[in-house]
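Chain A is the first sequence line, chain B the second, and so forth, proteins listed ahead of strands; every chain is numbered from 1.
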Number of protein chains: 2
Amino acid sequence: MNGFLGTYSVSIDDKGRLNVPAKFKGLLERDSPQLVMCVMDGFLIVFPQREWAANEEKLHHLNAFDKSDRNRLREFYARATECEMKSGKILIPVAQREAAGLKKEVTLVGMSKTFELWAPDRLEKTSK
Amino acid sequence: MNGFLGTYSVSIDDKGRLNVPAKFKGLLERDSPQLVMCVMDGFLIVFPQREWAANEEKLHHLNAFDKSDRNRLREFYARATECEMKSGKILIPVAQREAAGLKKEVTLVGMSKTFELWAPDRLEKTSK
DNA sequence: TAGGATTGTGTCAGAAAGTGTCATAAAGTG
DNA sequence: CACTTTATGACACTTTCTGACACAATCCTA
């Protein structure tokens, strides 16, 4: 596989760990299991470390001493958490789980370089 | 053969694998057995990898951080799954089978660069 | 700082999904 | 009609997914 693709319905175990589908697992193992998870507007985006870094790169031109630039930077960083795939699972911290309204069932949507985690009902509303 | 052409009625085995007709097999073996299967409105489209990539190309101008662009990207990627022809068969994952209402019999329609998979009754309704 | 609650980790067994291979049936060809 | 190719169904096997359990680390409060 050479990009995250497709929609998967996966479960979260009692401790909040997501079972990564085998197709994504391969990609992550190869590329590195280091991830950044980012709270978006009602859902979560997961970036492989490398991809996160590439996005960060784009913000380098901002000036940390400029007030509005600084706000944009803060917005970007504040939403993010580092995490990792371990034993084929990704632990989603409590705060993120709540922000995205994730319960037992999660819908995982590949977006090529990244993938998204959705509460099934929210995704359905969005796609209408 | 130099494009997918014609209509075939083929069977799906107990594990959901489609037997690829010999005429398509040749094309796929030459061009690469790597495929992308895409859920459409009641049926499935199968793209050879290369052909899929060409379509993907057209979305490169979209900005993944813009909400409405992101929705369009999601709509595109969420429908897709990578798959592969193995031993002359293509496994159609459960979710896709259900989305297209595929049972034992499948009608396969060549569309030159791609081909479609239909539940026979649905195709019939559509062509009326 | 001891104890308890919460959060995070490793592992495994059973169920479900996916894979390879082959014998036979059906269809196509000269 | 005899022969070759193609399609189908069946079987054994492997991989993946899920839920559960036991345990470790952390944090909070008495």
Side-chain angles (χ1 to χ4, degrees), chain A residues 1 4-30 33-37 39 44 46 81-100 102-110 115 117 119-120, chain B residues 1 4-30 33-37 39 44 46 80-100 102-110 115 117-120:
Chain A
M1 202 180 212
F4 301 105
L5 215 55
T7 306
Y8 298 83
S9 174
V10 295
S11 71
I12 289 191
D13 70 15
D14 51 342
K15 301 306 177 63
R17 280 178 301 178
L18 176 105
N19 289 294
V20 181
K23 288 201 174 173
F24 287 15
K25 223 182 275 183
L27 251 180
L28 291 176
E29 269 159 6
R30 183 148 35 88
Q34 231 64 37
L35 306 169
V36 177
M37 183 177 296
V39 178
L44 304 175
V46 181
T81 331
E82 271 189 5
C83 57
E84 196 179 345
M85 183 175 70
K86 288 171 191 159
S87 324
K89 302 180 182 195
I90 297 171
L91 177 70
I92 305 169
V94 188
Q96 274 73 9
R97 243 177 286 159
E98 282 174 359
L102 302 182
K103 297 278 180 316
K104 197 158 192 164
E105 289 291 307
V106 178
T107 304
L108 196 154
V109 183
F115 57 91
L117 307 181
Chain B
M1 203 181 212
F4 302 105
L5 224 52
T7 303
Y8 298 82
S9 174
V10 296
S11 72
I12 289 191
D13 71 15
D14 53 339
K15 300 305 177 64
R17 281 179 299 179
L18 176 107
N19 290 293
V20 181
K23 289 202 173 174
F24 287 15
K25 222 182 276 182
L27 249 180
L28 291 176
E29 269 159 6
R30 184 149 35 87
Q34 230 64 37
L35 306 169
V36 177
M37 183 177 295
V39 178
L44 305 174
V46 181
T81 329
E82 266 189 7
C83 57
E84 196 179 346
M85 184 176 69
K86 287 171 191 160
S87 325
K89 301 182 183 194
I90 297 171
L91 177 71
I92 305 169
V94 189
Q96 275 73 6
R97 245 177 286 158
E98 284 174 359
L102 302 182
K103 296 279 179 315
K104 199 156 192 167
E105 289 291 307
V106 178
T107 304
L108 195 154
V109 183
F115 57 90
L117 307 181
W118 285 88

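Atom CG of A:N19 and atom P of C:dT11 are 16 Å apart (whole Å). Rounded to an integer number of Å, the gap from B:E84 CD to D:dT15 P is 15 Å. Taking atom CG of residue B:D13 and atom C1' of nucleotide C:dA23, one finds them 15 Å apart after rounding to whole Å. B:L91 places its CG atom 16 Å from the P atom of D:dG9, with the value rounded to the nearest Å. Atom P of nucleotide D:dC23 and atom CG of A:D14 are separated by 16 Å, given to the nearest angstrom. One can place CG of A:L18 at 18 Å from P of C:dT7, the figure rounded to the nearest angstrom. Atom pair A:Y8:OH and D:dT16:C1' shows a separation of 12 Å (rounding to whole Å applied). Rounded to a whole Å, the CD1 atom of B:I12 is 14 Å from the C1' atom of D:dA7.
In this structure, A:K86 reaches the sugar-phosphate backbone alone: every heavy-atom distance under 4.0 Å involves primed, P, OP1 or OP2 atoms, never a base. Residue contacts shown for B:S87 include a base, since a base heavy atom lies under 4.0 Å away. Note on A:K23: nothing from the nucleic acid sits closer than 4.0 angstrom, heavy atoms only.
One can find a donor-acceptor pair under 3.5 Å joining the base of D:dG9 and the side-chain atoms of B:K89. Between the base of C:dG20 and the side chain of B:R17 there is a donor-acceptor pair shorter than 3.5 Å.
Using the six-membered ring where Trp is involved, B:Y8 and B:F24 have ring planes that are perpendicular, over 60° apart on the 30 and 60° scheme.
For B:V94 and A:I92, each mapped to the nucleotide of DNA chain C holding its nearest heavy atom, the one lying further toward the 5' end belongs to A:I92. Residue order along DNA chain D, read from the 5' end via each residue's closest nucleotide, puts B:V10 first among B:V10 and A:S9.
The line from CD1 of A:I92 to CG of A:L117 is 5.0 Å long, rounded to the nearest 0.5 Å. Atoms CE and CZ, on A:M85 and A:R17 in that order, are 13.0 Å from each other to the nearest 0.5 Å.
Closest to the side chain of B:K104, from the set D:dT8, D:dC17, D:dG9, is D:dG9. Closest approach to the A:K25 side chain among C:dG8, D:dC17, D:dA7 is made by D:dC17 (side chain taken as heavy atoms from C-beta onward). Side chain of A:K15, nearest nucleotide from D:dC23, D:dT6, C:dG10: D:dC23.
Side-chain atoms of A:K23 come within 3.5 Å of backbone atoms of B:E82 as a donor-acceptor pair (strictly under, hydrogens ignored).
In this structure, A:S11 does not reach the D:dC17 phosphate: none of its side-chain N or O atoms is under 4.0 Å from OP1 or OP2.
When each of B:L18, B:V20, B:L35, B:L108 is checked for a side-chain contact (heavy atoms from CB on, under 4.5 Å) with B:V46, only B:L35 meets the rule.
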